Amino acid sequence: AGLALHNVFFPEKKFEFTFMPLFAFKTLDLAGGGDLRYHFYPHTGIFQKITLKSGFSHYAFGIKESRDSLSSNSTIYYSKFDNRLVFKLREKSPRNQINQYISLRHVWIEKGLFYSNGTSSTNYFQADYTRNNLNALKTSTLKLQFTGNSDYYKASLQTNNFINYN
């Protein structure tokens with residue numbers, strides 16, 4: 001059972017929030033998620049908009065029953081904190097239909113382990129550049145992304161283009 005509380009409406013506000021508290025009757029645990037966003041609109045400089053965003057979620061997806069009379073049952077859960085800093089680059093011309101974003105992100109995930117009573121936590125760092133052309137005849141998207149932590153690094157490039165055959 002749950003509820004959703006938010007102030008996200010049109011037009012965008014400087015401070016926006018979303019809270020979705022839930023209660024899990026099987027695990028008797030609080031669950032849900034939400035996020036907080038604060039938007040800055042600098043009047044001058046390279047950035048048109050800067051967004052600080054912090055999100056969280058916590059969900060239980062099972063109970064591991066103990067086979068030992070000395071230990072108790074444990075809840076298998078998933079918790080995530082997601083923090084972002086998003087920069088929208090200022091358009092050179094108001095008639096320009098190209099949006100460009102630079103995003104810096106940190107994600108922390110903790111999971112309850114099924115095979116033991118412990119937990120596993122992981123940190124990820126991500127940086128990406130996105131360019132969207134919103135012109136109906138030249139629609140395209142370009143996304144360059146770097147993700148990693150102490151165990152691995154990944155670089156990816158994604159592009160979507162509209163091709164007019166007329």
Side-chain angles (χ1 to χ4, degrees), residues 1-42 46-89 99-132 141-160:
L3 177 71
L5 305 168
H6 64 88
N7 76 338
V8 181
F9 299 103
F10 184 79
E12 183 178 76
K13 294 171 216 37
K14 279 193 169 198
F15 177 72
E16 296 177 322
F17 66 87
T18 305
F19 292 112
M20 296 168 289
L22 302 170
F23 183 76
F25 289 103
K26 184 174 181 178
T27 61
L28 300 177
D29 191 19
L30 288 175
D35 64 19
L36 304 169
R37 293 177 298 282
Y38 191 81
H39 307 286
F40 297 95
Y41 301 94
I46 190 171
F47 302 121
Q48 180 175 335
K49 178 173 125 179
I50 301 171
T51 301
L52 295 167
K53 179 179 179 183
S54 186
F56 62 91
S57 58
H58 176 81
Y59 299 101
F61 52 89
I63 296 176
K64 186 176 93 172
E65 295 183 10
S66 173
R67 295 185 182 172
D68 183 359
S69 62
L70 298 176
S71 61
S72 60
N73 295 344
S74 61
T75 302
I76 304 170
Y77 67 93
Y78 171 88
S79 296
K80 179 176 98 169
F81 287 94
D82 183 349
N83 301 301
R84 269 177 222 231
L85 187 55
V86 180
F87 302 95
K88 181 179 181 184
L89 297 171
N99 293 332
Q100 298 180 78
Y101 299 92
I102 296 172
S103 176
L104 303 172
R105 180 180 183 204
H106 171 254
V107 179
W108 176 81
I109 298 172
E110 182 179 77
K111 299 183 280 188
L113 301 176
F114 183 76
Y115 51 84
S116 72
N117 288 334
T119 60
S120 167
S121 63
T122 308
N123 284 297
Y124 295 97
F125 297 94
Q126 191 173 69
D128 64 46
Y129 167 78
T130 305
R131 180 186 183 275
N132 296 319
T141 301
L142 172 75
K143 186 171 189 175
L144 176 62
Q145 186 175 74
F146 298 97
T147 304
N149 63 10
S150 60
D151 296 329
Y152 83 97
Y153 295 99
K154 178 181 92 169
S156 65
L157 176 66
Q158 176 183 343
T159 181
N160 298 320

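Not measured: the values here are computed from a predicted model. Residue numbers run from 1 in the order of the sequence given. Basis for what follows: all heavy atoms, side chains included, without hydrogens, waters or symmetry-related copies.
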side-chain contact (heavy atoms from CB on, under 4.5 Å) evaluation trace for F146 with Y129:
CA-CA 9 Å; F146 298 97; Y129 167 78; over 6 Å; no
I would like to know whether F47 and L89 meet side-chain contact (heavy atoms from CB on, under 4.5 Å); could you show each step before the answer?
CA-CA 4 Å; F47 302 121; L89 297 171; 3.6 Å; yes
Assess whether side-chain contact (heavy atoms from CB on, under 4.5 Å) is satisfied between T18 and L5, documenting all intermediate values.
CA-CA 6 Å; T18 305; L5 305 168; over 6 Å; no
Where do Y101 and D128 land on the side-chain contact (heavy atoms from CB on, under 4.5 Å) test, with the steps shown first?
CA-CA 8 Å; Y101 299 92; D128 64 46; 5.9 Å; no
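Applying the side chain to side chain donor-acceptor pair (under 3.5 Å) criterion to Y78, with sequence neighbours excluded, gives no partner residue. With sequence neighbours excluded, the residues forming a ring-ring contact (aromatic ring centres under 6.0 Å, His included) with F125 are H106, listed by chain and number. In this structure, the ring-ring contact (aromatic ring centres under 6.0 Å, His included) partners of Y38, at least two apart in sequence or on a different chain, are F40. The salt bridge (Lys or Arg N to Asp or Glu O under 4.0 Å) check on K53 picks up D35, with sequence neighbours excluded. Contacts of L157 classified as side chain to side chain contact (heavy atoms under 4.5 Å, CB included), with partners at least two apart in sequence or in another chain: L142, L144. Shown here are the salt bridge (Lys or Arg N to Asp or Glu O under 4.0 Å) partners of D82, two or more places apart in sequence or in another chain: R84, R105. Qualifying side chain to side chain donor-acceptor pair (under 3.5 Å) partners for E110, counting only residues two or more places apart in sequence or in other chains: Y77. Evaluation of the side chain to side chain donor-acceptor pair (under 3.5 Å) rule for T122 yields no partner, not counting sequence neighbours. Shown here are the side chain to side chain contact (heavy atoms under 4.5 Å, CB included) partners of N160, two or more places apart in sequence or in another chain: T141, Q158. Under the side chain to side chain donor-acceptor pair (under 3.5 Å) criterion, S57 pairs with no residue at all, not counting sequence neighbours. By the side chain to side chain contact (heavy atoms under 4.5 Å, CB included) test, S156 is found to be paired with Q145, residues two or more places apart in sequence or in another chain being considered.
When all heavy atoms of S54 and N83 are compared, the pair lying nearest together is OG-OD1, 2.7 Å. Heavy-atom minimum distance, G33 versus Y59: N-OH, 3.9 Å. The two residues Q48 and P42 have their closest heavy-atom pair at O-CD, 3.7 Å.
Residues F23 and L30 have side chains in contact (heavy-atom distance under 4.5 Å, counting atoms from C-beta outward).
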Got a list of side-chain donor-acceptor pairs under 3.5 Å for residues 9-16, not counting sequence neighbours?
{"unit_1": "E12", "atom_1": "OE1", "unit_2": "Y41", "atom_2": "OH", "d": "2.4"}
{"unit_1": "E12", "atom_1": "OE1", "unit_2": "K49", "atom_2": "NZ", "d": "3.2"}
{"unit_1": "E12", "atom_1": "OE2", "unit_2": "K49", "atom_2": "NZ", "d": "3.0"}
{"unit_1": "K13", "atom_1": "NZ", "unit_2": "N7", "atom_2": "O", "d": "3.0"}
{"unit_1": "E16", "atom_1": "OE1", "unit_2": "R37", "atom_2": "NE", "d": "3.3"}
{"unit_1": "E16", "atom_1": "OE1", "unit_2": "H39", "atom_2": "NE2", "d": "3.0"}
{"unit_1": "E16", "atom_1": "OE2", "unit_2": "K13", "atom_2": "N", "d": "3.4"}

